[in-house]
Amino acid sequence: MEIRLNVLDHIFDIESYPNFFSCVIFHPSSGTRWIFEVSDRINQSVDFFYFIKMLQANSCRMVGFNNIGYDYLVIHRLMSIGPNFTYADAYDMTMRIINASRDEKFGMNVWPSDQIVKQVDLDKIHHFDNVNRATSLKTLEFNMKSPNVGDLPFLPGTVLTDDQKDMVITYNCHDVAETYKFYLESLDAIESRAVLTERTGIDMTNFNDTKIGKKFFESELKKVDRNICGKWDNPRQTIRDHINIGEVILPYVEFRDPNLCNVLNHLKNTTITDTKAAPELKGLSATINGFKFDFGLGGIHGSVERQKIQPGPGEKLIDIDVKSYYPNLAIANRLYPEHLSEVFCDIYENLYIQRSSHKKGTPENAMLKLALNGVYGDSNSEYSPFFDSKYTMSITINGQLLLCMLAESIMSATSCRMIQINTDGMTMIVPDDQYDRFNELCKAWENLTKLELEEARYSAMWIRDVNNYVAQYENGDVKRKGCYEYDIGWHQDHSALVVQKAVCHAMLTGGSIRDFIYNHDDAYDFMLRAKASRSSRLELSNGSRLQKVTRYHIAHTGHELIAIYAPLAKEPTKERPKAINKGFLVAICDDIRDFVPSNLNHEWYVREAEKLLIL
């Protein structure tokens, strides 16, 4: 596959200590690397200053990881001082950043228009700056199967010896090399943002996916009324101290089943004051023909559990999803955040139509999909110009009730069996001789709701629960969800992927988990990741201190892995050890060359896979 490198891009990373500053810069297109040092033994501050000026003059881009929040802030400060800056200047700025409060860090931010050299921040593009997706470069090294998962060799604040300076430069080069690897993984995302920036006039260089959709939707709203969203630091919103659910339920929602009628009556008489938790919805459920429907803030859920589902002779296993459910629910029923008026619905519909004119895989199609899907989640964010929790509840409540109407109509008029229902669709066993009736009921629901259903057919499903299953399509393609998925996001834990691969192999082919694991030859798939929190450290049972992010495997010989947590206030001198993979020995493989195949405890992985096996 051809790699599309931008000749203007330069990968970089800095390190800063009381008597040492370094910056390593790598140019992917030419393979050239520059190492700059400013310390009590070498002073290349002038060379570094004019190198950055050269990048500026040639309209280059500097690509890093968390560079907007740290590396570039230091460089920007040094450039403001001039070519004779010192390592003390760099360390002073480093400590200011480290010790700054959230508000102070925001005040340090350098806006794109003020950057000396344009910055591309992979941390921001992948939304790792979100607390729920926080991912360090060390974790990415583990997930990218890097031969060496290296950690900073000396604690911040250490006054370095000359030998230690050389080690830090080696580490600095390692981080740039790993950032380059992730840059290659991110080229599509970087390129699509460049295309969207050019075509929309909005600088999306460092926008995460959610922000791309939100900002484009905002820009479309502002074309109608430039003040409709308010200001970035004071967005217009509809603030409510309570929501009467009965007011948001669509007038055509109705049921015949007594259990579903009870749910509907309960909702009509419910007032919610906290749309983040909504305790009033907890435990709300209804059972029809032995199948339990669970309602909640995250949408409706229900599933058979720990079963293999396969249609018998004269049956089909059919999955139906509502196409772009939440956006089209708002469009069809003219639902909108109150302060945005019905203009919101007009633009929503226009974006939906626009998307259909762009081929799948194009940046425009992806952006419009993000714009359509991102608004619902943002409508419950107190920082968003879409914030109106009544709109949020109108979507999530009606979304559940309308799906239940479809399920009830099918289950009451046919012998179709419900397998799963989840947020925007359901899966059922449909007898062949009742498929026409099933289809008629789906069409009637579409006519009533003005929504569109999409059908897929499975040959089999292996279901642990509603969020964890494997489904094989009739054409042989496979969908894996939850604990069975191994093609996972960069922010997720890639530990012991051989387990998921082995159990999926066994369920889909009838093969042996044990044979798969014993014959699997990718050492990285056996590796696990341990990560120390801010209040803990990692050690082996022999007292050896480990890196904050440690790579290891379960072994025949080795030591136990332990997380040591800081003392609690009631026992301030007593640290709290907690075993990881308790009862098993581990071998550390931060350097993959330390892996010894004969020391691999295959049976641990076999047992883990067998826990997930559904026959």
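No experiment lies behind these values; they were computed from the predicted model shown.
His559 and Ser541 get closest at one heavy-atom pair: CB-OG, 3.3 Å. When every heavy atom of Asp515 is checked against every heavy atom of Ser512, the shortest pair comes out as N-OG, 3.0 Å. Of all the heavy atoms in Leu122 and Thr179, the pair that sits closest is CD1-O, 3.9 Å. The two residues Ser533 and Tyr565 come nearest to each other via the heavy atoms OG-CE2, 4.2 Å. Contact between Leu196 and Met204 at its shortest, heavy atoms only, is CB-SD, 3.8 Å. In terms of heavy-atom proximity, Met411 sits nearest to Ile288 at CE-O, 3.5 Å.
Between Asp319 and Arg457, no side-chain nitrogen of the basic residue sits less than 4.0 Å from a carboxylate oxygen of the acidic one, so the salt-bridge criterion is not met. A salt bridge links Asp9 to Arg61: at least one charged side-chain nitrogen sits closer than 4.0 Å to a carboxylate oxygen. With respect to the salt-bridge test (charged N to carboxylate O, under 4.0 angstrom), the residues Arg4 and Asp188 qualify. The pair Arg480-Asp487 meets the salt-bridge criterion, since a charged nitrogen lies less than 4.0 angstrom from a carboxylate oxygen. A salt bridge does not link Glu560 with Lys582: none of the charged nitrogens is closer than 4.0 Å to a carboxylate oxygen. Between Lys211 and Asp209 no salt bridge is recorded (no basic side-chain N to carboxylate O distance below 4.0 Å). A salt bridge links Arg537 to Glu575: one of the charged nitrogens lies within less than 4.0 Å of a carboxylate oxygen. Salt bridge absent: Asp465 and Lys481 never bring a charged side-chain N and a carboxylate O closer than 4.0 Å. Taking 4.0 Å as the cut-off between side-chain N and carboxylate O, Lys531 and Asp493 do not count as a salt-bridged pair. Using a 4.0 Å cut-off between charged nitrogen and carboxylate oxygen, Lys138 and Asp151 do not count as a salt-bridge pair. Salt bridge annotation for Arg417-Glu315: present, with a cationic side-chain nitrogen under 4.0 angstrom from a carboxylate oxygen.
In this structure, Thr210 and Leu370 have side chains that are not in contact, with every pair of non-hydrogen atoms separated by 4.5 Å or more. Residues Ile488 and Asn143 have side chains not in contact (no heavy-atom distance under 4.5 Å, counting atoms from C-beta outward). The closest side-chain heavy-atom distance from Leu451 to Trp445 is below 4.5 Å. With a 4.5 Å cut-off on side-chain heavy atoms, Val549 and Arg529 count as touching. Ile320 has its side chain within reach of Leu406: a pair of non-hydrogen atoms, C-beta onward, lies under 4.5 Å apart. Residues Gln119 and Val63 fail the side-chain proximity criterion, which asks for heavy atoms closer than 4.5 Å. By the 4.5 Å heavy-atom criterion applied to side chains, Arg193 and Val120 are not counted as neighbours. Using a 4.5 Å cut-off on side-chain heavy atoms (C-beta onward), Arg464 and Cys483 make contact.
A cation-pi arrangement is not found for Arg607 relative to Phe584, the charged atom failing to lie both closer than 6.0 Å to the ring centre and inside a 45° cone about the ring normal.
Aromatic rings from His494 and Tyr486 are positioned such that their centres are separated by 6.0 Å or more.
For Lys359, the NZ atom counts as loosely surrounded, since its 6.0 Å shell holds 12 or fewer non-hydrogen atoms of other residues, nucleotides or ligands. Heavy-atom contacts from other residues, nucleotides or ligands closer than 6.0 Å to NZ of Lys369 number 12 or fewer. Applying the 6.0 Å contact sphere to NZ of Lys548 captures no more than 12 heavy atoms from other residues, nucleotides or ligands. In this structure, Arg133 places its CZ atom where more than 12 heavy-atom neighbours from other residues, nucleotides or ligands lie under 6.0 Å away.
Between Asn422 and His301, the side chains place a donor N or O and an acceptor N or O closer than 3.5 Å (distance only, hydrogens not considered). Side-chain contact, Asn206 with Asp121: no donor N or O sits under 3.5 Å from an acceptor N or O. Asn581 and Tyr552 share a donor-acceptor pair across their side chains, judged by distance under 3.5 Å alone. In this structure, a donor-acceptor pair under 3.5 Å is present between the side chains of Tyr458 and Lys479. For the 3.5 Å distance criterion, the side chains of Glu603 and Tyr518 qualify, holding a donor opposite an acceptor. With hydrogens and angles left out, the side-chain atoms of Ser415 and Gln434 include a donor and acceptor closer than 3.5 Å.
A donor-acceptor pair under 3.5 Å is formed between the side chain of Glu446 and the backbone N or O of Leu453. Proximity of a side-chain donor or acceptor of Gln400 to a complementary backbone N or O of Gly296 within less than 3.5 Å is detected. Between the side chain of Ser192 and the backbone N or O of Ala189, at least one donor-acceptor pair lies under 3.5 Å. For Glu141 (side chain) and Gly150 (main-chain N/O), a donor-acceptor pair under 3.5 Å exists by modelled atom type. For the pair Tyr484 (side chain) and Leu612 (backbone), a donor-acceptor distance under 3.5 Å is present. Glu485 places no side-chain N or O within 3.5 Å of a backbone atom of Gly482 that could act as its donor or acceptor partner. At distances below 3.5 Å, not a single donor-acceptor pair connects side-chain atoms of Thr139 with backbone N or O atoms of Thr135. No donor-acceptor distance shorter than 3.5 angstrom exists from the side chain of Arg355 to the backbone of Leu351, with no hydrogens or angles considered. A donor-acceptor pair is defined here as one N or O able to donate and one able to accept, closer than 3.5 Å; such a pair exists between the side chain of Thr362 and the backbone of Asn365. A donor-acceptor pair under 3.5 Å links the side-chain atoms of Thr392 to the main chain of Ser379, judged by distance alone.
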Yes or no on ring pair (Phe, Tyr, Trp, His ring centres under 6.0 Å) for His553 and Phe526, after CA distance, side-chain angles and deciding distance? CA-CA 6 Å; His553 67 81; Phe526 291 95; 8.2 Å; no

Test log, rule side chain to side chain donor-acceptor pair (under 3.5 Å), inputs Lys181 and Ser146: CA-CA 9 Å; Lys181 284 175 64 176; Ser146 296; 2.8 Å; yes

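Each of Phe182, Phe128, Phe142 was checked for a ring-ring contact (aromatic ring centres under 6.0 Å, His included) with Trp490, and the lone residue meeting it is Phe182.
Asp521 pairs by the side chain to side chain contact (heavy atoms under 4.5 Å, CB included) definition with nothing, not counting sequence neighbours.
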